[in-house]
Undergrad: 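Below: one structure in structure tokens.
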Amino acid sequence: MEPAAAPSWNRSRTRVWAVAVTVVAAVAVLIPLVRDPGNDSFPLSTYPMFTSTREPVATIDVVAGVSAAGTDERLSPELIAGTDEVIQAAALVGRAVRAGPAGTARLCRDVAARVAEGSAGGDLVDIEVRTDAYDTVAWFRGQREPLQSRMHAHCQVPR
Amino acid sequence: MNGGPATGQPRWFRPVRPQTLALLRLLVGGYGVVYLTVRWGHLVSFGDRPADQFDPVGVIGLVTDDPLSRPWITALLVLVVVAGVAFTAGAWWQMSGPAFALGLLAVTTYRNSWGQVLHTENLVVLHTLVLAVSPAAVAWSVDARRRRDIVDPNPSPRWGWAVRVMAMMTVLTYLVAGVAKLRIAGWDWLAGDVLRSQVAHDNLRKHLLGDPSSFVGGWLAGVAWLWAPLSMATVAVELGAPLALWGRRAATVWTGLAWLFHCAVLGLMAILFPYHLLGLGLLPVLATQGLVDDWLAAVEALSRRGPARRAGVPSAAHQAGQVLE
């Protein structure tokens, strides 16, 4: 059995459709080039990541746990923001800090509740929402203490 | 078979075999289904988020200002995964193609509507949308088997155009990313300080927020001379991406460089682009140059050689040409 003869590609409606899809696809992907780069969207992105200069001393909004021994313990993005995406966790913490004392107090309570519910962080007694300043390059060379630290909220883990 | 343009065909409509388009449907659809399944818990968890964190983007912003509850997200995911399985199998293509593409667009856009747009899923969504409006289920599909279609297995622009559009979308996304760096930071981006500071900052932030980070990348941020060449290489790969549509050698070289670029991003920043690292995002660039046609032909030749050698005669499929199902 031979394959059925197809109509000429040059005369086919498929060719018109192919041209139309090609043009729409090209325009759609290139449109972000004329948008404000900071006005990102999905899936047609301006891809603004890693385009702006970071200062050598970075101020980073963090949520940390404090153990009974008084040591600083890192919390996971799940405990901080209920997500495994660290960028979304960072955005959430930053937004809470910008919202002021009410926002950071709420975030602190939410994190403390998640720590109390979960098995991780069993020895944590307190939660802190802070903005810490680090020399980012020096940190990876062993200088781990923050240059500055500003406390926004502090709360106890309910047990 | 060299995948070159058929006589009288414009270069853009480079022909490929229908199996190549079908292979892309299987791989891209399969990736989408696995992605949704693996990320199910993460996606459903958005139903527990406070509404004031919801910041809709893209199509979600056109549809609603309010987040979905957990049962609605679960129901949506069930529908999209079912459509995805049908998409991958090439079953009820006229329905399953658009349903899965739009469903995947909705789910991934919803995931990006919580205050921070991520950039790891853009290309799989764009590729799925192109496949959905193409004849990608003409071969190796439930529909073809059910209809007992017989399709000419030779390369044709009828199948090649969709592969070409997918390849175009791949290279244009890299181009837009490269232009964005120069638009925002200017030519200073090539000096390396921007990339260096970003790598150090991103790795430290990840560590402080309890996520895996690259200590190698952070440590190398202290090696100042390294970052100008890395920045130039990054922009060269991104701005040079359209050259990959030029020919076979260009496509092969560029896809290799782009893959290495994503390996470097993983090694230096602990950022995983699974669709690209698995090669799926880059495969259409090779496919549109006929390379995947050649690989499939080689596999077919090998599979024919086995039975023919055992029987001592050329196989029936070899003699009669292949009937596609």
Side-chain angles (χ1 to χ4, degrees), chain A residues 1-4 6 9-10 12 14-15 17-18 21-22 25-26 29-30 32-33 37 40-56 58 60 62-64 74-77 79-80 82-93 95 132 134 136-141, chain B residues 9 12-13 42 45 48-49 53 57-58 105 108-109 112 114-119 121-122 125-126 130 133 150-152 156-158 161 164-165 168-169 172-173 176-177 179-181 183-185 189 193-195 197-198 200-201 203-211 215 218-219 221-222 323:
Chain A
M1 192 171 174
E2 291 296 319
W9 160 252
N10 284 327
S12 70
T14 308
R15 188 170 194 268
W17 180 245
V21 172
T22 302
V29 177
L30 291 174
L33 287 178
D40 201 8
S41 189
F42 184 91
L44 304 175
S45 175
T46 55
Y47 297 99
M49 62 282 193
F50 312 121
T51 54
S52 56
T53 306
R54 299 280 191 181
E55 294 299 321
I60 300 176
V62 298
V63 182
R74 299 288 150 228
L75 302 177
S76 67
L79 288 173
I80 292 171
T83 175
D84 59 5
E85 289 289 354
V86 69
I87 297 176
Q88 290 182 331
L92 176 74
V93 179
R95 194 157 46 189
D132 291 344
Y134 293 94
T136 53
V137 172
W139 192 92
F140 286 98
R141 302 284 170 143
Chain B
Q9 297 298 342
W12 184 263
F13 294 112
H42 168 69
S45 73
D48 301 329
R49 291 276 191 96
Q53 293 176 15
V57 298
L105 171 68
T108 50
T109 307
N112 281 282
W114 293 88
Q116 183 68 45
V117 176
L118 307 171
H119 301 97
E121 292 132 17
N122 304 53
V125 173
L126 295 173
V130 174
V133 297
I150 299 170
V151 178
D152 184 350
S156 165
R158 285 177 185 285
W161 72 264
R164 192 71 160 174
V165 175
M168 179 190 76
M169 295 189 111
L172 288 184
T173 54
V176 172
V179 171
K181 290 177 177 61
R183 276 177 81 195
I184 297 171
W189 205 90
D193 289 340
V194 176
L195 182 58
S197 68
Q198 286 280 356
H201 184 280
N203 279 313
L204 178 55
R205 186 178 62 173
K206 281 197 180 98
H207 174 78
L208 296 176
L209 292 173
D211 205 45
F215 270 69
W219 190 85
V323 175

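Naming: A, B, ... by sequence-line order, numbering from 1 per chain. Note: hydrogens, waters and symmetry copies are ignored here, and every other heavy atom, side chains too, is used.
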Undergrad: Counting C-beta onward and ignoring hydrogens, is there a side-chain heavy-atom pair between Leu126(B) and Leu44(A) closer than 4.5 Å?
TA: yes
Undergrad: Do the non-hydrogen side-chain atoms of Phe50(A) and Val194(B) ever get within less than 4.5 Å of each other?
TA: no
Undergrad: Between Val179(B), Val133(B), Val125(B), which residue shows the highest count of heavy-atom pairs closer than 4.5 Å to chain A?
TA: Val133(B)
Undergrad: Working to the nearest 0.5 Å, report the span between CG of Asn112(B) and CD of Gln88(A).
TA: 7.0 Å
Undergrad: With respect to chain A, which residue among His119(B), Lys181(B), Gln53(B) yields the maximal number of heavy-atom pairs within a distance under 4.5 Å?
TA: His119(B)
Undergrad: Are Thr46(A) and Val176(B) side-chain neighbours, meaning at least one heavy-atom pair lies under 4.5 Å?
TA: no
Undergrad: For chain A, which of Ala177(B), Gly222(B), Ser197(B), Ala221(B) has the most heavy-atom pairs under 4.5 Å?
TA: Ser197(B)
Undergrad: What part of Ile60(A) gets within 4.5 angstrom of chain B, counting heavy atoms only: side chain, backbone, both, or neither?
TA: side chain
Undergrad: Are side-chain heavy atoms of Arg49(B) and Thr83(A) found at a separation under 4.5 Å?
TA: yes
Undergrad: Got a donor-acceptor contact below 3.5 angstrom from the Gln198(B) side chain to the Ser52(A) backbone?
TA: yes
Undergrad: Given that the side chain runs from C-beta out, which part of Leu33(A) has a heavy atom under 4.5 Å from chain B: side chain, backbone, both or neither?
TA: both
Undergrad: Would you name the heavy atoms of Leu209(B) and Ala90(A) that are closest together and state the gap between them?
TA: CD1-CB, 3.5 Å
Undergrad: Which heavy atom of Ser41(A) sits nearest a heavy atom of Val117(B), and at what distance?
TA: O-CG1, 3.5 Å
Undergrad: Tell me whether the rings of Trp139(A) and Phe215(B) are parallel (<30°), tilted (30 to 60°) or perpendicular (>60°).
TA: tilted
Undergrad: Please classify the contact between Ser45(A) and chain B as side chain, backbone, both or neither, with a heavy-atom cut-off of under 4.5 Å.
TA: both
Undergrad: Just so I understand: if I count every heavy-atom pair under 4.5 Å between each of Leu118(B), Asp193(B), Leu105(B) and chain A, which residue has the most?
TA: Leu118(B)
Undergrad: Any side-chain heavy atom of Arg205(B) sitting closer than 4.5 Å to one from Ile87(A)?
TA: yes
